[in-house]
Amino acid sequence: MPRLIDVVASLESADPESTIYATRPATPDSSAILAVEPESGESPEGFPYLLEVDIALEVLDIWARWREGRQPTPQEAVRAVIHYAIYDAYEPV
């Protein structure tokens, strides 16, 4: 099963209509999947909603802009996505 850190590291090639689902509490090592959210709005069994892919990509773009264009490491990227998912705010510099 992929870990959340691996899913976040592969976001550039993900379907922007997909959603990230991860076991709780969300940590870099949480089991995670990408899936297109069903019309019913239900999460895949055992995987609570974390964040939409397009929003996660925006989070990483803002992270880099706030740090003069530096791209995040996988650990920094997953931390920024988790922070946004929990607080509905970008991770501060």
Side-chain angles (χ1 to χ4, degrees):
M1 177 64 55
R3 299 175 305 155
L4 183 55
I5 193 168
D6 303 320
V7 168
V8 170
S10 69
L11 289 180
E12 289 295 328
S13 62
D15 178 348
E17 300 294 319
S18 294
T19 300
I20 305 167
Y21 298 93
T23 55
R24 301 279 189 233
T27 69
D29 291 323
S30 294
S31 295
I33 60 171
L34 288 174
V36 175
E37 188 171 333
E39 287 184 26
S40 66
E42 294 180 24
S43 298
E45 189 172 324
F47 288 92
Y49 165 88
L50 185 75
L51 202 62
E52 293 93 352
V53 167
D54 60 338
I55 294 173
L57 289 169
E58 178 182 312
V59 166
L60 299 178
D61 180 59
I62 296 296
W63 189 99
R65 281 199 243 164
W66 286 5
R67 290 158 182 86
E68 300 178 4
R70 185 173 74 79
Q71 294 304 303
T73 65
Q75 193 69 28
E76 290 168 331
V78 74
R79 188 178 66 223
V81 168
I82 291 170
H83 182 89
Y84 190 90
I86 293 170
Y87 300 106
D88 195 27
Y90 300 112
E91 185 179 42
V93 176

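Note: hydrogens, waters and symmetry copies are ignored here, and every other heavy atom, side chains too, is used. Fair warning: this is a prediction, and the values are worked out from it, not measured in the lab.
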What is the minimum heavy-atom distance between [X] and [Y], and which atoms define it?
X   : Y   : value
R3  : A32 : C-CB, 4.2 Å
V36 : S18 : CG2-OG, 4.1 Å
A56 : I20 : CB-CD1, 3.9 Å
L51 : A85 : CD1-CA, 4.5 Å
S30 : P25 : OG-O, 3.0 Å
L60 : P72 : CD2-CG, 4.4 Å

Once rounded to the nearest 0.5 Å, what's the spacing between atom [atom1] of [X] and atom [atom2] of [Y]?
X   : Y   : atom1 : atom2 : result
E91 : R67 : CD    : CZ    : 5.5 Å
I62 : I55 : CD1   : CD1   : 12.5 Å
L50 : L4  : CG    : CG    : 6.0 Å
D6  : D29 : CG    : CG    : 8.5 Å
D15 : D54 : CG    : CG    : 10.0 Å
R79 : T27 : CZ    : OG1   : 13.5 Å

Between T23 and S31 (side chain of the first, backbone of the second, donor and acceptor by atom type, cut-off under 3.5 Å), is there such a pair? yes
M1 side chain near I33 side chain, heavy-atom distance below 4.5 Å: yes
Would you indicate whether the side-chain heavy atoms of T19 and L34 approach each other to under 4.5 Å? no
Report whether W63 and I5 are members of the same hydrophobic cluster (ILVMFWY, side-chain heavy atoms less than 4.5 Å apart, transitive linking). no
Those residues that, when tested against Y90, pass ring-ring contact (aromatic ring centres under 6.0 Å, His included) (two or more places apart): W66, Y84
